[in-house]
Structure formats: structure tokens, C-alpha cells
Amino acid sequence: MDQQFFDRNSIEVARDLIGVELDVSGLGGIIVETEAYEPDDPASHSFRGPTPRNSVMFGAPGHAYVYRSYGIHWCLNFVCRPGSAVLVRALQPVRGLAEMEKRRGRADPLLLCAGPGRVCQALGITIEHNGLSLFGPPFAFSPPQVPPLIVTGRRIGISQAVDQPWRFGLSGSPYVSKRFVGRGVPAP
DNA sequence: TTTGTGATGCACT
DNA sequence: GTGCATCACAAAA
């Protein structure tokens, strides 16, 4: 997980993040669901150009883009090439289960990090993390031991470019926010 | 199992 | 004023 990893289009990065362990301040787990957002993508915050909110999406790759969702939740993204980013949608909890349950206020492991808002609540991600580099604390990444099986599908919760298959998941994982249809294929 | 709805902040029209 | 890259919980079916 270096500069080169994120200096690509968000579709490749989103796919290659599946199976990677993400830890934030010692809490986290395996990334099992991501979505890609591209510069020319009407569903992307970057589509209409830089604004105060999305400015880090136009900065250097390998930084965190955090925004408030529906006035209530936070969502964590990894910036790739300018104007593109990957939304972290779900984790398989691995480290700091008790602390994450405490922050979430409930214990169901299948719902602990199943959804972008839940991931941020469990890991303690807030606007304070916006713009931070991913190459040092509080962030830490561990690549998978073996290449995971990847499933794809349509992105969730958007109204534009709804047909793009830019949602990626770990095949068969019960920790995703919503079931994928179809069987997994090995990542290239 | 699926559908509806309130909560709540802010970018943008 | 409108529309969200959401979640939890209630109600319908």
C-alpha cells in the first residue's frame, strides 16, 4: 500500500482494496466492500469540479476524503487520481471488536461495519480525518495473503450513473452492507 | 421479506 | 428550497 497503489483510477483501486485489512487507530478489519467514483462520473462529488467539501479529491493520491452523509453519518474515501476516490462501504471486523461495539452501541458483528456510516462510527472516523495521509498513523494497511475472489455490482444509494458496475465485494462475505448477485471471479 | 419514514447538516440551485 | 455515496425502526404483506 504505497503511493503507486493509489495513483491509479478508482476502479482498479476499489477492486484491489478488497481483502486488504484496514486499521484506524488500532481498530478495523478486512475491507469486504468498496465503490469507485470517477472524475467524469455524475454520481461523484467531484463531477462539478472542486468545492470546499471535495477539495481533497483533487489533491495528491493516498489521502482520506471524509464527508458528512445525510447530515448524520460520516463516509470514508481513499483519494486516487485527481477527482477520483474509493468509498469504503464495509469491513469484516478483526481488531478492536469490543471498542467498535461500544462506539456503535450494539454488538451484532454482521452489522458492526456493514455500510459506510457504520464503518466510520465503529472506527471513530470524523471530519478530523479529512485530508490525512494514508501512509502513516492513524491509518495502517495489510495486504491479503492470497488473492481474494471479487464480485461486482451496481453502486448503492445513488441516482446518477446507476448502471456502472463499480461496486466491489469479497465473494461470499456475510459482512457486506447488501448481498451481491452472482459468483466471484479472481482479481486480474 | 419488502417498503416507508424520520433524523439531521450542508452543498448547491 | 431541494437533494443527498445513510441508518434504524416500524409497518405492511
Side-chain angles (χ1 to χ4, degrees), chain A residues 6 9-18 22 24 27 29 31-59 61 63-93 100-132 134 150-170 173-181:
Chain A
F6 292 100
N9 72 63
S10 63
I11 299 164
E12 293 180 20
V13 176
R15 180 198 64 206
D16 292 349
L17 280 169
I18 299 302
L22 163 68
V24 182
L27 309 176
I31 299 173
V32 296
E33 183 182 348
T34 59
E35 282 179 0
Y37 289 87
E38 283 288 284
D40 60 350
D41 169 9
S44 174
H45 288 176
S46 62
F47 183 62
R48 291 174 183 79
T51 68
R53 177 177 70 160
N54 67 19
S55 62
V56 307
M57 282 188 78
F58 293 91
H63 289 253
Y65 167 47
V66 180
Y67 69 92
R68 202 186 269 289
S69 174
Y70 290 90
I72 304 170
H73 307 98
W74 299 106
C75 288
L76 171 65
N77 298 254
F78 300 148
V79 176
C80 304
R81 284 186 175 155
S84 68
V86 173
L87 172 67
V88 179
R89 285 196 58 90
L91 306 179
Q92 174 183 336
M100 290 194 281
E101 290 170 2
K102 199 166 146 189
R103 290 188 173 163
R104 287 268 305 128
R106 55 204 82 231
D108 187 341
L110 291 178
L111 295 179
L112 202 52
C113 299
R118 291 171 178 147
V119 167
C120 287
Q121 188 179 20
L123 300 195
I125 302 283
T126 70
I127 195 64
E128 302 281 313
H129 294 77
N130 190 44
L132 293 186
L134 300 176
I150 307 290
V151 285
T152 65
R154 295 202 281 233
R155 295 175 291 180
I156 293 177
I158 58 172
S159 59
Q160 303 292 313
V162 295
D163 289 332
Q164 296 291 358
W166 290 347
R167 175 174 177 242
F168 299 86
L170 179 62
S173 174
Y175 295 99
V176 297
S177 65
K178 189 173 183 234
R179 291 286 182 184
F180 287 79
V181 295

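Chain naming here is simple, since letters A, B, ... match the order of the sequence lines and numbering starts at 1 in each.
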**Q** Distance check needed: dA5(C) C1' versus D163(A) CG, whole Å only.
**A** 16 Å
**Q** Check the phosphate of dC7(C) against H73(A), side-chain N and O only, distance under 4.0 Å to OP1 or OP2. Yes or no?
**A** no
**Q** Is there a side-chain polar atom (N or O) of R106(A) under 4.0 Å from OP1 or OP2 of dC9(C)?
**A** yes
**Q** Of the nucleotides dA5(C), dT6(C), dC7(C), which has the atom closest to the R118(A) side chain?
**A** dC7(C)
**Q** Quick check: on DNA chain C, is the nucleotide nearest L111(A) upstream (toward 5') of the one nearest S159(A), or the reverse? Name the residue that is more 5'.
**A** S159(A)
**Q** Do you know which of K178(A), Q92(A), R89(A) makes side-chain hydrogen bond (donor to acceptor under 3.5 Å, both in side chains) with E33(A)?
**A** R89(A)
**Q** Can you tell me if CZ on R154(A) sees more than 12 non-hydrogen neighbours from other groups inside 6.0 Å?
**A** no
**Q** Side chain of H45(A) only, please: which of dA5(C), dT6(C), dA8(C) is the nearest?
**A** dA5(C)
**Q** May I ask you to evaluate whether R89(A) reaches the phosphate of dT6(C), defined as a side-chain N or O under 4.0 Å from OP1 or OP2?
**A** yes
**Q** Are any of T51(A)'s side-chain N or O atoms less than 4.0 Å away from OP1 or OP2 of dC12(B)?
**A** yes
**Q** Using atom OH of Y67(A) as one end and atom P of dG3(C) as the other, report the distance to the nearest whole Å.
**A** 18 Å
**Q** Base, sugar-phosphate alone, or nothing: which one does I72(A) contact when heavy atoms must sit under 4.0 Å apart?
**A** base
**Q** Could you tell me how far apart N54(A) (CG) and dG9(B) (P) are, to the nearest whole angstrom?
**A** 21 Å
**Q** Rounding to the closest angstrom, what is the interatomic distance between dT5(B) and dA13(C) at atom P?
**A** 13 Å
**Q** Give none if dA11(C) has no partner; otherwise give the nucleotide forming a Watson-Crick or G-U wobble pair with it, both distances under 3.5 Å.
**A** dT2(B)
**Q** Expressed in angstrom and rounded to an integer, what is the separation of M57(A) atom CE from dA11(B) atom P?
**A** 15 Å
**Q** At what distance, to the nearest 0.5 angstrom, does OG1 of T34(A) lie from CD1 of I150(A)?
**A** 8.0 Å
**Q** Select one nucleotide: of dG9(B), dT6(C), dA5(C), the one nearest the side-chain heavy atoms of R68(A).
**A** dG9(B)
**Q** Taking only N and O in the side chain of R104(A), is any of them less than 4.0 Å away from OP1 or OP2 of dA8(C)?
**A** yes
**Q** Taking side-chain hydrogen bond (donor to acceptor under 3.5 Å, both in side chains) as the criterion, tell me which of Y67(A), Y65(A), Y37(A) meets it with H45(A).
**A** Y65(A)
**Q** Round to a whole Å and report the spacing from CG of L76(A) to P of dT6(C).
**A** 14 Å
**Q** Name the nucleic acid region contacted by R155(A), choosing base, sugar-phosphate or nothing; use a 4.0 angstrom heavy-atom cut-off, strictly under.
**A** nothing
**Q** Can you tell me the distance, in whole Å, between the CD atom of Q121(A) and the P atom of dA7(B)?
**A** 18 Å
**Q** Could you grab the distance from atom CD of E38(A) to atom CZ of R81(A), nearest 0.5 Å is fine?
**A** 9.5 Å
**Q** Expressed as a whole number of angstroms, how long is the span from K178(A):NZ to dT2(B):P?
**A** 9 Å
**Q** Ignoring hydrogens and angles, are the base of dA5(C) and the side chain of Y70(A) linked by a donor-acceptor pair under 3.5 Å?
**A** no
**Q** With rounding to the nearest 0.5 Å, note down the distance linking CZ in R104(A) to SG in C120(A).
**A** 11.5 Å
**Q** Between atom CD in Q164(A) and atom C1' in dA5(C), what is the gap in whole Å?
**A** 15 Å
**Q** Between R167(A) and dA5(C), is there a contact of a side-chain N or O with OP1 or OP2 at under 4.0 Å?
**A** no
